[in-house]
J.: 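Pasting a structure here, questions to come.
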Amino acid sequence: MGHLSGKVALVTGGSRGIGRGIAVRLARDGALVAVHYGRNEEAAKKTVADITEAGGRAFVVGAELGVDGDVDTLVTGLEAGLGAYGEQAVDILVHNAGLNLMGRPIEVLTPEEFDRMVAVNVKAPFFLTQRLLPRLRDGGRIIAISSVSTRVASAHGIGYPLTKGALDVFSHTLAKYLGPRGITVNSVTVGFTDTDMTADVHADPANRERNISLTALGRIGQVPDIADAVAFLASDDARWITGTKIDVTGGVNL
Ligand code: NAP
């Protein structure tokens with residue numbers, strides 16, 4: 001029996017990368033986990049299979065974010081999945097799914113690309129939270145996955161950091177609003193981490209070495225480095241932490 005036994009978590013983008021790591025870790029701690037994916041159903045099913053093989057409980061929820069009806073689709077799938085386990089409420093909501101169109105400085109970023117990043121990184125978490133508020137249990141957790149690019153100017157573009165900054169402000173403001181319900185809201189500032197998102201960047205040894213040299217702890221972050229911090233925020237040990245950003249970057253640009 002883990003310390004999250006009896007809790008229900010939804011991890012957006014739980015199919016791959018950091019979200020997958022968070023889903024696996026929360027399930028290991030005992031939570032029933034809704035593993036959300038956008039397009040890669042196979043990866044989501046693999047995450048669920050790995051969780052169940054390890055004795056955990058999880059189910060998949062598919063919904064592409066950033067398109068019309070995205071939140072409706074996600075909530076319909078969530079309801080169906082929860083129903084199969086006799087559950088209705090959610091205790092832990094992790095806004096992890098994110099889109100980073102790299103190499104798009106201000107001169108070239110198009111309005112369409114800008115809108116897509118805002119839709120996936122800001123609008124979807126906003127309206128998903130709005131829809132889930134009635135079923136989020138008092139004493140619950142909302143955790144947003146943000147980026148070190150909100151404090152270190154990025155070489156890769158300006159649109160993505162802008163969306164993550166908006167997500168931080170969303171979390172901070174929502175924390176005050178949800179305080180009376182005992183729901184904590186925090187964001188996790190992620191640094192250079194090995195996932196599909198950064199595979200191309202880190203495939204270039206010069207980029208990899210540069211990012212390592214910028215990181216005080218002297219390596220590229222790995223998925224469990226982030227998942228463990230999220231698990232802490234989800235736990236009762238973090239009950240008195242709300243409205244803040246936790247820097248989980250290994251000390252980038254100290
Ligand atoms: P990733 O490996 O590219 O995985 C992204 C996940 O988000 C996948 O599960 C994907 O689902 C889902 N997703 C993306 N766009 C979606 C959409 N439109 N609709 C539904 N689902 C969508 O990325 P990651 O590196 O794990 O990133 C996870 C979070 O960490 C993101 O918010 C990212 O901005 C943040 N972050 C990452 C780094 C890093 O160095 N990796 C640094 C700072 C912040 P499908 O596979 O089904 O499409």
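Indexing begins at 1, ligand by ligand and atom by atom, following the structure's order. All values below come from the heavy atoms of this structure, side chains included, with hydrogens, waters and symmetry mates left out.
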J.: Looking at every heavy atom in both A166 and V122, which two are closest together, and how far apart are they?
T.: CB-CG2, 4.0 Å
J.: Do any heavy atoms of K164 fall under 4.0 Å from ligand 1?
T.: yes
J.: Please indicate whether any nitrogen or oxygen in N40 is less than 3.5 Å from any nitrogen or oxygen in ligand 1.
T.: yes
J.: Just heavy atoms, cut-off under 4.0 Å: does R20 contact ligand 1 by side chain, backbone, both, or neither?
T.: neither
J.: Consider only side-chain N and O atoms of D168 and S146, and report whether a donor and an acceptor are under 3.5 Å apart.
T.: yes
J.: Which residue owns the protein heavy atom closest to atom 19 (N) of ligand 1, what's the atom, and how far is it?
T.: L65 N, 2.8 Å
J.: With the threshold set at 4.0 Å, does a side-chain nitrogen-carboxylate oxygen contact exist between D228 and R25?
T.: yes
J.: Judged by modelled atom types alone, do H202 and D194 share a side-chain donor-acceptor pair under 3.5 Å?
T.: yes
J.: Please determine whether any non-hydrogen atom of R116 lies less than 4.0 Å from an atom of ligand 1.
T.: no
J.: Can you report which non-hydrogen protein atom sits closest to atom 34 (O) of ligand 1, along with the distance?
T.: Y160 OH, 2.5 Å
J.: Could you identify the single nearest non-hydrogen protein atom to atom 27 (O) of ligand 1 and state the distance to 0.1 Å?
T.: M197 CE, 3.9 Å
J.: Under 3.5 Å, is there a donor-acceptor pair between the side chain of N96 and the main chain of G13?
T.: yes
J.: Heavy-atom contact under 4.0 Å between V120 and ligand 1?
T.: yes
J.: Going by heavy-atom distance to atom 15 (N) of ligand 1, choose the closest among G98, G17, G62.
T.: G98
J.: Begin with the C-alpha distance, continue with both residues' side-chain angles, and end with the deciding distance and a verdict on salt bridge (Lys or Arg N to Asp or Glu O under 4.0 Å) for R208 and D204.
T.: CA-CA 6 Å; R208 197 170 178 87; D204 179 340; over 6 Å; no
J.: Find all atoms of ligand 1 within a distance of less than 4.0 Å from any non-hydrogen atom belonging to G13, and give their numbers and elements.
T.: 6 (C), 7 (O), 9 (O), 12 (C)
J.: Check N96 against ligand 1 and report side chain, backbone, both or neither, counting heavy atoms closer than 4.0 Å.
T.: both
J.: Of all the atoms in ligand 1, which lie at a distance below 4.0 Å from a heavy atom belonging to Y37?
T.: 47 (O)
J.: For ligand 1, note which part of D196 has a heavy atom under 4.0 Å away: side chain, backbone, both or neither.
T.: both
J.: For E64, counting its heavy atoms only, list the atoms of ligand 1 lying under 4.0 Å from any of them.
T.: 19 (N)
J.: Taking A63's backbone N and O only, do any of them form a donor-acceptor pair with H36's side chain (distance below 3.5 Å, no angle check)?
T.: yes
J.: Are any side-chain N or O atoms of D247 and backbone N or O atoms of T189, one a donor and one an acceptor, separated by less than 3.5 Å?
T.: no
J.: Is F192 close to ligand 1, meaning an N/O of one under 3.5 Å from an N/O of the other?
T.: no
J.: Distance under 4.0 Å to a non-hydrogen atom of I145: what atoms of ligand 1 satisfy this?
T.: 29 (C), 30 (O), 32 (O), 35 (C)
J.: Among all protein non-hydrogen atoms, which one is nearest to atom 22 (C) of ligand 1, and what is the separation to 0.1 Å?
T.: A97 CB, 3.9 Å
J.: Find all atoms of ligand 1 within a distance of less than 4.0 Å from any non-hydrogen atom belonging to V190, and give their numbers and elements.
T.: 38 (C), 42 (C), 43 (C), 44 (C)
J.: Regarding ligand 1, does T193 bring an N or O atom to under 3.5 Å of one of the ligand's N or O atoms?
T.: yes
J.: Below 3.5 Å, N or O to N or O, backbone or side chain included: is there any such pair between G191 and ligand 1?
T.: yes
J.: State the atoms of ligand 1, each with its element, that fall below the 4.0 Å cut-off from a heavy-atom position in T198.
T.: 39 (C), 40 (O), 41 (N)
J.: Heavy atom under 4.0 Å from ligand 1: found in A43's side chain, backbone, both, or neither?
T.: neither
J.: Based purely on interatomic distance, does T195 place a nitrogen or oxygen under 3.5 Å from a nitrogen or oxygen of ligand 1?
T.: yes
J.: In Å, rounded to the nearest 0.5 Å, how long is the span from CD1 of I183 to CG of L133?
T.: 6.5 Å
J.: Do T163 side-chain atoms and M117 backbone N/O form a donor-acceptor pair below 3.5 Å?
T.: no
J.: Got a second to check how far R104's CZ is from L101's CG, nearest 0.5 Å?
T.: 7.5 Å
J.: Does R16, backbone or side chain, put an N or O under 3.5 Å from an N or O of ligand 1?
T.: yes
J.: Return yes if some donor-acceptor pair links the side-chain N/O of D225 with the main-chain N/O of G221 below 3.5 Å, else return no.
T.: no
J.: Measure the distance from atom 48 (O) of ligand 1 to every protein heavy atom, then report the residue, atom name and distance (to 0.1 Å) of the closest one.
T.: R39 N, 3.5 Å
J.: Just checking, is any N or O donor in the side chain of H95 or S187 under 3.5 Å from an acceptor N or O on the other one?
T.: no
J.: Counting only heavy atoms not in R137, do more than 12 sit closer than 6.0 Å to its CZ atom?
T.: yes
J.: Has D91 got a side-chain atom pairing as donor or acceptor with L136's backbone, closer than 3.5 angstrom?
T.: no
J.: List every atom of ligand 1 that sits less than 4.0 Å from any heavy atom of S15, numbering the atoms from 1 in the order shown and giving each element.
T.: 8 (C), 9 (O), 11 (O), 45 (P), 46 (O), 47 (O)
J.: Using a 3.5 Å cut-off on N or O atoms only, is V148 in polar contact with ligand 1?
T.: no
J.: Check whether any side-chain N or O of R151 sits under 3.5 Å from a backbone N or O of V252 as a donor-acceptor pair, and report yes or no.
T.: yes
J.: Looking only at protein heavy atoms, identify the closest one to atom 37 (C) of ligand 1 and say how far it is in Å.
T.: I18 CD1, 3.8 Å
J.: Is L99 in contact with ligand 1, taking contact as a heavy-atom separation below 4.0 Å?
T.: no
J.: Should we count CG of D115 as having more than 12 external heavy atoms under 6.0 Å?
T.: yes
J.: Run the contact test for A44 against ligand 1 with a 4.0 Å cut-off on heavy atoms, strictly below, and give the result.
T.: no
J.: S146 near ligand 1, heavy-atom distance under 4.0 Å?
T.: yes
J.: Return the residue, atom name and 0.1 Å-rounded distance of the protein heavy atom closest to atom 20 (C) of ligand 1.
T.: G38 CA, 3.3 Å
J.: Got a sec: does the CD of E79 have more than 12 other heavy atoms crowding it under 6.0 Å?
T.: yes
